[in-house]
There are 2 protein chains.
Amino acid sequence: MNLKELARKLDLSPTTVSRALNGYPEVNEATRERVAAAARKYNYQPNTRAIRLATGRAMAVGHVIPVATRHEIVNPVFADFIAGAGEVYSRNGYDLLLSVVPDDDEERAYRELKSRGTVDGVIVHSPRMQDERIPLLHDLGIPFVVHGRATDSARPYPWVDVNNRRAFQRATEFLLDLGHRRIALLNGLEFMDFAIRRRAGYEAALAAHGITPDPAIMAAEEMTETCGHRLGVALLSAPNPPTAFLVSSMIMGLGLRRAIEERGLRMGRDVSVIIHDDELSYLRNGDDVPIFTATRSSVREAGRQAAAMLIGLIRGEAGAPRELLMEAELIIGQSTGPHRG
Amino acid sequence: MNLKELARKLDLSPTTVSRALNGYPEVNEATRERVAAAARKYNYQPNTRAIRLATGRAMAVGHVIPVATRHEIVNPVFADFIAGAGEVYSRNGYDLLLSVVPDDDEERAYRELKSRGTVDGVIVHSPRMQDERIPLLHDLGIPFVVHGRATDSARPYPWVDVNNRRAFQRATEFLLDLGHRRIALLNGLEFMDFAIRRRAGYEAALAAHGITPDPAIMAAEEMTETCGHRLGVALLSAPNPPTAFLVSSMIMGLGLRRAIEERGLRMGRDVSVIIHDDELSYLRNGDDVPIFTATRSSVREAGRQAAAMLIGLIRGEAGAPRELLMEAELIIGQSTGPHRG
DNA sequence: TTGAAAGCGTTACCAA
DNA sequence: TTGGTAACGCTTTCAA
């Protein structure tokens with residue numbers, strides 16, 4: 001069933017039917033209802049390909065996933081985020097195009113997306129320091145939203161980010177309130193935007209309590225299990241070890257857990273640990289595992305928000321906010337003070 | 001620059017130019033080269049939207065990701081698989097459409113994909129026992145390839161799967177060769193196709209060595225960390241504990257590791273463990289963590305193969321195999337016999 | 001408030 | 001080997 005056929009059934013012109021279905025104001029309310037009823041009855045589905053050609057819009061949004069050359073893992077960040085974004089896209093009639101490209105070839109991918117007109121907009125993942133993609137997309141004139149922030153960008157750009165600073169500030173405060181005074185920070189490499197912000201939050205909370213950060217219990221390393229383990233061993237076996245840990249990544253947390261247990265201690269009882277991770281949020285703690293985690297479904301919500309922002313941008317809706325700082329959800333499992341209580 | 005403009009520059013008809021560019025045999029070789037040169041010179045990119053409308057093809061493949069209602073995690077299986085598939089799609093000019101749908105709504109999603117004609121074919125993930133999607137897709141006439149196998153399907157259907165039976169047989173044999181005689185099996189729930197096959201492989205290897213499987217050290221549970229931990233604790237504290245473990249999932253393996261370490265033992269030294277996982281293969285072991293894993297980049301390769309098969313199906317290429325059993329890659333890290341050493 | 005007709009940029013059929 | 005013309009199914013003027 002296509003538009004012409006439907007129009008014939010209704011004894012109307014395709015024009016009118018199209019207008020009725022697309023909510024144009026000039027059509028008679030009675031007509032509109034007749035049309036809507038018929039469309040339902042005959043299960044009319046407009047042909048997307050025709051719409052795309054006629055309007056010149058792609059009705060699709062691209063997520064370019066850089067992959068492979070350096071790391072062998074596909075970063076699964078995207079799972080939750082994309083699930084959230086996907087909801088919004090389908091509600092708005094947009095398709096979600098996934099473009100997997102070798103990460104040394106990203107520029108070409110964006111150029112092609114533009115020249116072939118396959119998408120109306122793009123979401124940029126894992127921004128780097130002075131991310132070249134931002135000026136590139138600006139130049140190409142492709143609407144885009146960045147998931148995260150790219151410190152040092154010359155021009156302003158639209159983004160959705162989790163409030164990493166505040167999340168770490170709150171987590172630190174929580175530990176301070178429990179009575180901890182030696183709180184270690186296991187951070188990601190601090191050339192990444194989020195890592196810098198996380199450290200700032202941690203330091204701010206300490207400062208508010210009159211505590212000077214001790215570089216001996218602050219680390220910024222690759223977010224791997226190996227690093228988490230090594231750092232845990234080192235910190236726990238040093239004199240005056242921390243009583244609590246604030247960890248930037250779930251994977252690092254696994255390594256830390258191993259280190260803690262190797263010493264015959266237990267997480268959540270002998271040592272308090274808060275793990276914040278807005279990337280690998282698919283990994284849940286077993287119910288009996290006393291890890292405290294911050295941020296969970298926030299990533300999904302961030303996906304929704306980014307998608308909504310992008311669609312607004314595509315439609316040229318002015319006025320909507322172009323920068324969105326989301327508060328991390330804080331999930332507390334089991335907690336204890338520094339002195340076994 | 002569109003076809004008509006390019007044709008005008010060349011003093012040819014759009015028809016001829018189109019034919020030249022699309023490799024039709026009837027065009028003069030000299031003309032073809034002139035056209036190709038001009039296309040390059042003017043950086044002509046055919047308009048995908050027009051092609052799609054004119055041909056009726058979508059030039060896109062759909063991956064429907066069921067999500068949310070029951071589990072709260074998006075299964076990250078798809079990451080590696082999709083990366084592999086994506087390579088093949090883009091090489092063949094197909095877009096990859098990701099459709100995230102609530103898992104109680106999958107049927108509607110497929111029907112809509114069909115009626116709106118957004119894709120030419122579909123990949124089905126995580127098949128269930130008598131998966132309703134298979135007859136549905138058959139009925140709808142959408143070409144599809146299943147990643148995995150759906151036991152009990154009435155009709156034949158195209159699939160790509162990892163040889164789970166053989167992988168577990170080989171892993172068990174490896175442990176037997178090291179001298180282990182009490183090898184525990186930590187399997188996923190055995191209503192899933194792959195779990196059944198894995199158990200069969202395990203039992204076959206034991207049988208070949210004249211060992212009767214001991215139900216006391218065989219478990220089939222949810223593939224979570226909690227279950228892995230609980231089973232590990234139970235098995236290790238029972239009389240006559242296993243000296244080796246064969247585990248079906250990386251996440252379960254994490255729980256088992258915890259159980260082992262809680263008892264002051266070390267994986268790979270005191271207890272041998274092989275973890276097989278063709279789903280959560282993004283999780284790597286730290287270099288110093290003596291877990292042995294089977295199957296890694298196989299998932300990616302499976303994605304490639306499935307994509308190639310689907311494209312063949314879409315193009316109606318006959319003769320190509322419709323069923324593909326892939327051997328799992330076996331990665332051995334560090335190993336030891338049952339008697340320390 | 002409705003309709004006719006001209007695109008949108010290709011491909012595909014039929015002639016030449 | 002090439003070209004003219006009609007699709008493909010919608011949206012978008014312009015006219016009534």
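The basis for the numbers below is simple: all heavy atoms, side chains too, and nothing from hydrogens, waters or symmetry mates. First the proteins, then the strands, lettered A, B, ... as listed; each starts at 1.
With salt bridges taken as basic N to acidic carboxylate O contacts below 4.0 Å, one links B:Arg32 and B:Glu29.
In this pair, A:His125 and A:Phe81 present their aromatic rings perpendicular. The plane angle is above 60°, beyond the 30 to 60° band.
A donor-acceptor distance shorter than 3.5 angstrom exists from the side chain of A:Arg49 to the backbone of B:Gly117, with no hydrogens or angles considered. A donor-acceptor distance shorter than 3.5 angstrom exists from the side chain of B:Asp120 to the backbone of B:Ala58, with no hydrogens or angles considered.
Residue A:Thr31 places at least one side-chain N or O closer than 4.0 Å to OP1 or OP2 of C:dT2. Close to D:dT2, at under 4.0 Å from its OP1 or OP2, lies no side-chain N or O of B:Thr16.
The side-chain heavy atoms of B:Lys41 and B:Lys9, taken from C-beta on, include no pair separated by under 4.5 Å.
For the pair B:Leu10 CG and D:dG3 C1', the computed distance is 15 Å after rounding to whole Å. In this structure, the CD atom of B:Glu26 is 18 Å from the P atom of C:dA16, given to the nearest Å. Atom C1' of nucleotide C:dA12 and atom CG of B:Leu21 are separated by 16 Å, given to the nearest angstrom. Straight-line distance from the CG atom of B:Leu6 to the C1' atom of C:dG9: 13 Å, rounded to whole Å.
At a threshold of 4.0 angstrom between heavy atoms, the contacts of B:Thr48 with the nucleic acid are absent.
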Heavy atoms under 4.0 Å is the rule here; annotate nucleotides 8-16 of chain D 5' to 3' with B where the base is hit, S where only the sugar-phosphate is, and - elsewhere. BBBBBB---
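Taken to the nearest 0.5 Å, the NE2 atom of B:His147 stands 13.5 Å off from the CG atom of B:Leu310.
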